[in-house]
Asker: 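Below you will find the structure I want to go over with you.
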Amino acid sequence: MTLSSPGRPDPTRQPGSDREAGVKAGDEGGLEQLAAQWARIRGRLQQEVGDVVYRTWLRNMSLSGLDGDEVTILLPSPFQRDWVRMHYADRLNALWQAEGTGVRRVEFQAGRAPAGEAIAGAAVAGVMERAPVAAPVTPADRLGEMSAALDPKFQFENFVVGKPNEFAYACARRVAELPASAGFNPLFLYGDVGLGKTHLMHAIGLELSRREDRSIQVAYMSAEKFMYRFITAIRSNTTMDFKEQLRSVDVLMIDDIQFLIGKDSTQEEFFHTFNALVDSGRQIVISADKSPSDLNGIEGRLSTRLGCGMVADLHATTFELRMSILEAKSARAGVDVPPKVLEFLSHKIDTNVRELEGCLNRLVAHASLFNRPITLESAQTVLHDILRSHDRRVTIEEIQKRVAEHWGLRVTDMTSSRRARTVARPRQVAMYLSKHFTDRSLPEIGRMFGNRDHTTVMHAVTRVGELMAADADFKEQVELMMGLLKR
Ligand code: ADP
Ligand code: MG
């Protein structure tokens with residue numbers, strides 16, 4: 001019996017908050033009681049040891065079995081297991097006894113969930129097999145293993161809506177209101193990293209779990225977790241159970257499905273489950289980094305089926321949306337960030353909301369640590385490294401365009417085979433700048449310049465360096481280009 005998923009532990013979870021994972025609790029009785037006791041014990045421990053120690057060592061504990069008077073606690077690595085055993089075995093023992101549970105011994109095991117780890121799989125399966133459970137395990141209980149915990153921060157209320165995401169937001173809202181309604185099933189959300197896909201999926205789950213009737217069962221998991229469960233099920237000959245569990249949910253959400261690429265057997269299983277669920281009127285929500293038709297490596301049948309409901313695209317953020325997000329987040333944090341600083345950040349961090357958030361958090365932490373107001377200057381200093389890496393994110397295409405413009409050439413001259421000095425020299429400069437400003441390797445750069453050999457690129461880099469040393473005028477021109485590219 002596995003009570004909590006080791007996948008995404010959350011130290012702030014309160015007793016009973018497994019329900020927040022949108023999973024309908026099973027029968028009253030042993031299982032739920034045990035989960036509540038475990039939550040209390042963790043809470044006590046957290047208070048005793050403080051947040052830092054708790055987060056570093058103890059947050060990843062999960063309860064994996066109860067066998068007579070012995071409970072088994074799972075830690076992600078042997079190292080963490082030994083450490084926790086050495087330092088906290090006695091305390092955990094005492095806390096269990098204080099709960100009056102009849103638990104007399106605490107056993108520690110190592111094991112975690114990333115796909116394909118034999119030891120982890122064996123550890124979990126082993127515990128599951130030998131644990132005589134306090135209450136009979138029903139599919140609903142088992143669902144606790146299926147769904148990862150939902151992050152309470154990812155509510156609809158905390159999602160800032162703007163042009164680039166309003167459609168995806170509206171679709172997610174609609175699904176949370178009326179799961180499995182015609183035209184919205186499956187709901188396929190896609191977009192680049194950090195644009196809010198996971199946030200919207202959690203929001204759907206949280207919304208559904210807040211409902212009064214609570215009769216809707218939601219399972220949310222990453223595609224990797226899905227794969228891992230599937231592989232474990234094959235190993236322990238429990239694929240039938242696995243399918244049954246999956247098919248007993250009302251809303252199944254799988255995040256980052258691009259990770260199923262190339263995993264043929266998992267795709268196959270997913271496809272069948274998917275069909276069974278949709279055909280029996282359940283809701284499916286999927287996210288990916290690309291649209292269904294652009295997901296190379298996902299089997300045609302599957303990608304067609306994925307795209308047959310509602311496909312909603314999260315577009316790159318605009319300056320306005322980034323401003324609204326920063327305003328909302330700083331207001332919620334209760335800190336005063338001058339509009340100038342927000343504008344500066346919105347200009348500099350130009351797509352990923354996660355990064356934008358990270359910058360804001362860092363500013364806020366810094367200001368509170370040193371008890372100083374946030375200013376444009378302090379922002380520039382504190383975020384120096386992040387901003388620098390952004391400034392340097394220049395593409396080879398952009399370099400070619402700039403260089404061609406500067407020397408009055410066509411962009412195609414950058415990739416052509418023309419050897420005239422007036423063309424060849426700027427082309428060399430562009431190669432030099434590509435080496436300087438991007439992470440591309442010499443062969444990659446060569447390919448971008450009309451399939452040239454890497455030795456040609458190497459020669460260009462050396463030659464431009466030499467010319468810069470010898471010719472002040474030339475050096476000035478190259479540095480001018482560098483300034484332009486840095487913006
Ligand atoms: P994805 O899954 O698309 O990579 P996430 O959903 O994990 O992105 O979002 C990254 C971070 O940015 C999260 O902390 C999320 O809350 C935040 N975020 C993204 N979009 C918004 C938005 N429109 N409003 C508020 N927060 C957002
Ligand atoms: Mg995500």
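Whatever order the structure lists ligands and atoms in, that order sets their numbers, starting from 1.
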Asker: Run the salt-bridge test on Arg174 and Glu177 with the 4.0 Å N-O cut-off and return the result as yes or no.
Answerer: no

Asker: Can you sort out which atoms of ligand 1 are near Val193, meaning under 4.0 Å from one of its heavy atoms?
Answerer: 4 (O)

Asker: Quick check on the Mg ion (ligand 2): does Ser287 put an N/O/S atom closer than 2.8 Å to it?
Answerer: no

Asker: With a 4.0 Å cut-off, would you call Arg305 and Asp279 a salt bridge?
Answerer: yes

Asker: So if I count the atoms of ligand 1 from 1 in the order they appear, which ones are less than 4.0 Å from some heavy atom of Glu357?
Answerer: 11 (C), 12 (O), 13 (C), 14 (O), 16 (O), 17 (C)

Asker: Which pair of heavy atoms, one from Arg282 and one from Asn185, lies closest together, and at what distance?
Answerer: O-ND2, 2.6 Å

Asker: May I ask you to test the Leu34-Leu63 pair for a side-chain heavy-atom distance under 4.5 Å?
Answerer: yes

Asker: Whether Arg229 engages the ring of Phe242 as a cation-pi pair (distance to the six-membered ring centre under 6.0 angstrom, angle to the ring normal within 45°) should be assessed.
Answerer: no

Asker: Of the protein's non-hydrogen atoms, which lies at the shortest distance from atom 20 (N) of ligand 1, and what is that distance?
Answerer: Leu195 O, 3.6 Å

Asker: Among all protein heavy atoms, pick out the one at the shortest distance from atom 23 (N) of ligand 1; state its residue, atom name and that distance to 0.1 Å.
Answerer: Val160 O, 2.8 Å

Asker: Any idea which protein heavy atom is nearest atom 21 (C) of ligand 1, and the distance to it?
Answerer: Phe159 CE1, 3.7 Å

Asker: Nearest heavy atom to atom 9 (O) of ligand 1: which of Ala168, Ser324, Gly196, Gly162 does it belong to?
Answerer: Gly196

Asker: Using a strict threshold of under 4.0 Å (side-chain N to carboxylate O), is an ion pair present between Arg42 and Glu48?
Answerer: no

Asker: Name the closest protein heavy atom to atom 25 (C) of ligand 1, giving the residue it belongs to and the distance to 0.1 Å.
Answerer: Asn158 O, 3.3 Å

Asker: Tell me the contacting part of Thr198 for ligand 1: side chain, backbone, both, or neither, using a 4.0 Å heavy-atom threshold, strictly below.
Answerer: both

Asker: Please report the shortest heavy-atom distance between Asp289 and Leu295, naming the atom on each side.
Answerer: OD1-CD2, 4.1 Å

Asker: In the protein, which heavy atom is nearest to atom 4 (O) of ligand 1, and how far is it?
Answerer: Gly194 N, 2.7 Å

Asker: Taking all non-hydrogen atoms of both residues, which atom of Ile286 and which atom of Ile257 are closest, and how far apart?
Answerer: CG2-CG2, 3.7 Å

Asker: Look at Asp192 together with Lys290 and state whether they make a salt bridge at an N to O cut-off of under 4.0 Å.
Answerer: no

Asker: Using a 4.0 Å cut-off to any heavy atom of Asn165, which atoms of ligand 1 qualify?
Answerer: 23 (N)

Asker: Among all protein non-hydrogen atoms, which one is nearest to atom 26 (N) of ligand 1, and what is the separation to 0.1 Å?
Answerer: Lys329 NZ, 2.9 Å

Asker: Provide, to 0.1 Å, the distance between atom 12 (O) of ligand 1 and the closest protein heavy atom, together with that atom's residue and name.
Answerer: Val353 CG1, 3.4 Å

Asker: Does either side chain, that of Glu268 or that of His272, offer a donor lying less than 3.5 Å from an acceptor on the other one?
Answerer: yes

Asker: Look at atom 3 (O) of ligand 1 and find which of Lys153, Arg332, Lys197, His202 reaches it with the closest heavy atom.
Answerer: Lys197

Asker: For atom 6 (O) of ligand 1, what's the nearest protein heavy atom and its distance?
Answerer: His199 N, 2.8 Å

